[in-house]
Amino acid sequence: MGKTITLSEFIIKRQSEFANATGELSRLLNDIAVAAKVISRDVRRAGLIDNILGAQGSTNVQGEEQQKLDVIADEQFIKMLRNGGEVCGIASEENDDFVAFEDEVSRNGKYVVLFDPLDGSSNIDVNVSIGTIFSIFRRKSPVGSLVTIEDMLQKGTEQVVAGYVLYGSSTMLVYTTGNGVNGFTLDPSIGEFCLSHPDMKMPEKSRLYAMNEGNIAVCHPGIKAYAEYCQSFENDYGTPYSGRYIGSLVADFHRNLIKGGIYIYPVTTTSPKGKLRLLYECNPLALIAEQAGGLATDGKNRILDIQPTELHQRVGYFTGSKNQVEKVMELIREAEIKTV
Ligand code: AHG
Ligand code: MN
Ligand code: MN
């Protein structure tokens with residue numbers, strides 16, 4: 001085992017590879033890592049502390065019941081980013097509108113951050129892996145002014161950094177700056193994220209598929225055909241695939257990143273816009289997927305090319321190993337030709 005490389009060391013080393021880097025992005029990434037450690041600590045002790053598990057008794061703008069940890073994680077992230085000085089505004093799943101940081105230092109910040117503070121809320125109370133997802137963009141509005149909605153509604157291709165934190169059997173932070181994907185495991189004994197998964201690559205194909213099959217009756221016929229393909233002996237492996245669905249996007253994605261696989265959350269006849277949110281769930285993981293050699297589409301189009309029009313925009317989502325995403329897209333196309 002070689003020398004331990006902490007996340008902070010890694011960020012500084014990478015910064016020197018960019019000409020004209022000022023260190024602002026590095027400081028921002030470090031702030032996110034600190035927020036992640038605080039949330040990780042709260043998640044780890046959740047069953048022991050009063051007032052941390054269970055429903056908050058409120059709903060967010062999307063009509064979803066908020067859990068106490070959703071709100072705690074959201075506040076933690078906002079506090080860290082507001083005080084950091086590199087960020088002029090944020091948008092998150094738990095806030096109806098984006099938040100502009102009004103103090104002078106923040107108004108001079110170059111970056112906006114969009115995030116899902118706690119992903120997999122339904123798994124919080126049952127001790128199953130949950131996560132945080134984040135996306136960083138350079139602002140479009142002039143430095144010094146208040147952040148605008150245009151700063152938030154940028155295409156995924158414009159992301160400067162995309163990452164997630166997984167509160168699993170260990171806590172991991174995985175991120176990309178568009179130059180490969182690296183994963184860091186939190187060593188709780190020293191309180192540092194340490195490089196454990198350098199240059200992560202998603203296998204091109206696998207025998208794993210992840211979708212909520214309870215929705216199969218309301219799915220596109222091409223998706224039904226893909227599920228049947230996975231379950232048959234006539235697929236490319238000659239034996240049925242294994243279904244793996246945790247119900248926490250971050251955890252399902254992370255498994256697929258390491259072992260290969262596909263994650264599907266399509267539009268359905270009952271949810272015609274889909275469930276997952278483009279800006280703070282799909283885009284960041286799409287950039288990571290592509291950087292690791294995988295794909296992310298809405299069934300037809302590349303996720304990163306979609307021009308967002310709304311903060312909480314939903315989209316059908318297919319991400320994972322290249323061959324598997326291509327296969328389901330092919331079956332969707334074929335099913336549409338048949339029905340014409
Ligand atoms: P969130 O907890 O941030 O609202 O996201 C939940 C998402 C995602 O994490 C997960 O993959 C999906 O919802 C699960 O949905 P179903 O329970 O409908 O399968
Ligand atoms: Mn989520
Ligand atoms: Mn969430």
Side-chain angles (χ1 to χ4, degrees), residues 35-36 39-40 42-43 46 53-56 58-78 90-96 113-135 162-168 174 208-219 223 227 243-257 261-286 288-289 296 298 303 311-320:
I39 297 168
S40 176
D42 290 346
V43 167
L53 288 181
Q56 171 82 3
S58 52
T59 50
N60 62 21
V61 67
Q62 299 157 74
E64 296 162 341
E65 186 181 56
Q66 289 178 304
Q67 304 298 306
K68 288 187 186 126
L69 260 174
D70 283 327
V71 177
I72 291 169
D74 190 50
E75 288 171 355
Q76 184 57 47
F77 247 74
I78 294 178
I90 63 98
S92 104
E93 180 188 347
E94 305 307 334
N95 292 279
D96 304 7
V113 183
L114 295 92
F115 55 91
D116 177 353
L118 213 69
D119 173 67
S121 311
S122 69
N123 281 325
I124 296 173
D125 285 0
V126 292
N127 208 349
V128 172
S129 300
I130 49 182
T132 296
I133 314 175
F134 61 91
S135 180
Y164 64 82
V165 185
L166 173 63
Y167 313 103
V174 174
L208 300 178
Y209 75 108
M211 68 176 292
N212 182 341
E213 289 194 75
N215 292 330
I216 202 80
V218 288
C219 283
I223 296 169
R244 290 281 184 278
Y245 188 70
I246 297 165
S248 290
L249 170 62
V250 169
D252 280 306
F253 180 87
H254 184 73
R255 182 202 53 244
N256 291 350
L257 177 57
I262 185 168
Y263 176 93
I264 299 176
Y265 210 114
V267 302
T268 61
T269 51
T270 45
S271 301
K273 293 186 169 168
K275 174 170 188 186
L276 300 176
R277 278 59 53 105
L278 173 62
L279 287 175
Y280 41 79
E281 292 180 314
C282 302
N283 264 341
L285 299 184
I288 293 172
D298 66 359
I303 289 290
L311 212 48
H312 300 289
Q313 186 168 337
R314 296 177 193 266
V315 69
Y317 200 43
F318 302 74
T319 188

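Worth saying up front: this structure is predicted, and the values here are computed from it rather than measured. Each ligand, and each atom within it, is numbered from 1 in the order the structure gives.
- Neither the backbone nor the side chain of Y317 has a heavy atom within less than 4.0 Å of ligand 1.
- The protein heavy-atom contact nearest to atom 14 (C) of ligand 1 is Y245 OH, 3.3 Å.
- Atom OE1 is the N, O or S atom of E93 at the shortest distance from the Mn ion (ligand 3).
- Between D298 and Y317, the closest side-chain pair of non-hydrogen atoms is not below 4.5 Å.
- For atom 7 (C) of ligand 1, the closest non-hydrogen atom of the protein is L276 CD2, 3.8 Å.
- Counting only N and O atoms by type, the side chains of S248 and D119 include no donor and acceptor under 3.5 Å apart.
- Checked against a 3.5 angstrom limit, the closest N/O atoms of K275 and ligand 1 fall inside it.
- In terms of protein heavy atoms, atom 18 (O) of ligand 1 is closest to Y265 OH, 2.6 Å.
- Residue contacts with ligand 1, taken as heavy atom pairs separated by less than 4.0 Å, do not involve N215 at all.
- Ring geometry for F134 versus F77: interplanar angle of 30 to 60°, hence tilted.
- Residue contact annotation: L118 places an N/O/S atom under 2.8 Å from the Mn ion (ligand 3).
- The side-chain heavy atoms of Y245 and Y209, taken from C-beta on, include no pair separated by under 4.5 Å.
- When Q67, E93, E213 are ranked by how near their heavy atoms come to atom 4 (O) of ligand 1, first place goes to E93.
- For atom 11 (O) of ligand 1, the closest heavy atom belonging to the protein is Y263 OH, 2.7 Å.
- Side-chain contact check for S121 and D70: at least one donor-acceptor pair (N or O, by modelled atom type) lies under 3.5 Å.
- With S92 contributing its side chain and E94 its backbone, the two residues share a donor-acceptor pair below 3.5 Å.
- Heavy-atom separations between S122 and ligand 1 are all 4.0 Å or longer.
- Close contacts between ligand 1 and E281 involve ligand atoms 3 (O), 5 (O) [criterion: under 4.0 Å to a heavy atom].
- Those atoms of ligand 1 with a heavy atom of N212 less than 4.0 angstrom away are 16 (P), 18 (O), 19 (O).
- Residue-level check: among N/O/S atoms of E281, OE2 sits closest to the Mn ion (ligand 2).
- Under a 4.0 Å heavy-atom criterion, L118 is in contact with ligand 1.
- Checking only distances, L249 does come within under 3.5 Å of ligand 1, N or O to N or O.
- The atom of D116 that is an N, O or S and sits closest to the Mn ion (ligand 3) is OD1.
- Look at R277 and you'll find a heavy atom under 4.0 Å from some atom of ligand 1.
- Contact check for V43 versus I130: side-chain heavy atoms found under the 4.5 Å cut-off.
- Those atoms of ligand 1 with a heavy atom of D116 less than 4.0 angstrom away are 3 (O).
- For the residue pair N95 / D74, a side-chain donor-acceptor distance below 3.5 Å is found, with atom types taken as modelled.
- Counting heavy atoms closer than 4.0 Å to ligand 1, residue D119 contributes atoms from both its backbone and its side chain.
- Looking at atom 10 (C) of ligand 1, its nearest protein heavy atom turns out to be G247 O, 3.2 Å.
- Panel note: side chain D252, backbone G247; a donor-acceptor pair is recorded below 3.5 Å.
- For atom 1 (P) of ligand 1, the closest non-hydrogen atom of the protein is G120 N, 3.8 Å.
- Counting just the N/O/S atoms of D119, the one with the shortest distance to the Mn ion (ligand 2) is named OD1.
- Both the backbone and the side chain of S121 come within contact range of ligand 1, each with a heavy atom under 4.0 Å.
- Every atom of ligand 1 with a heavy atom of S248 under 4.0 Å away is listed here by number and element: 9 (O), 11 (O).
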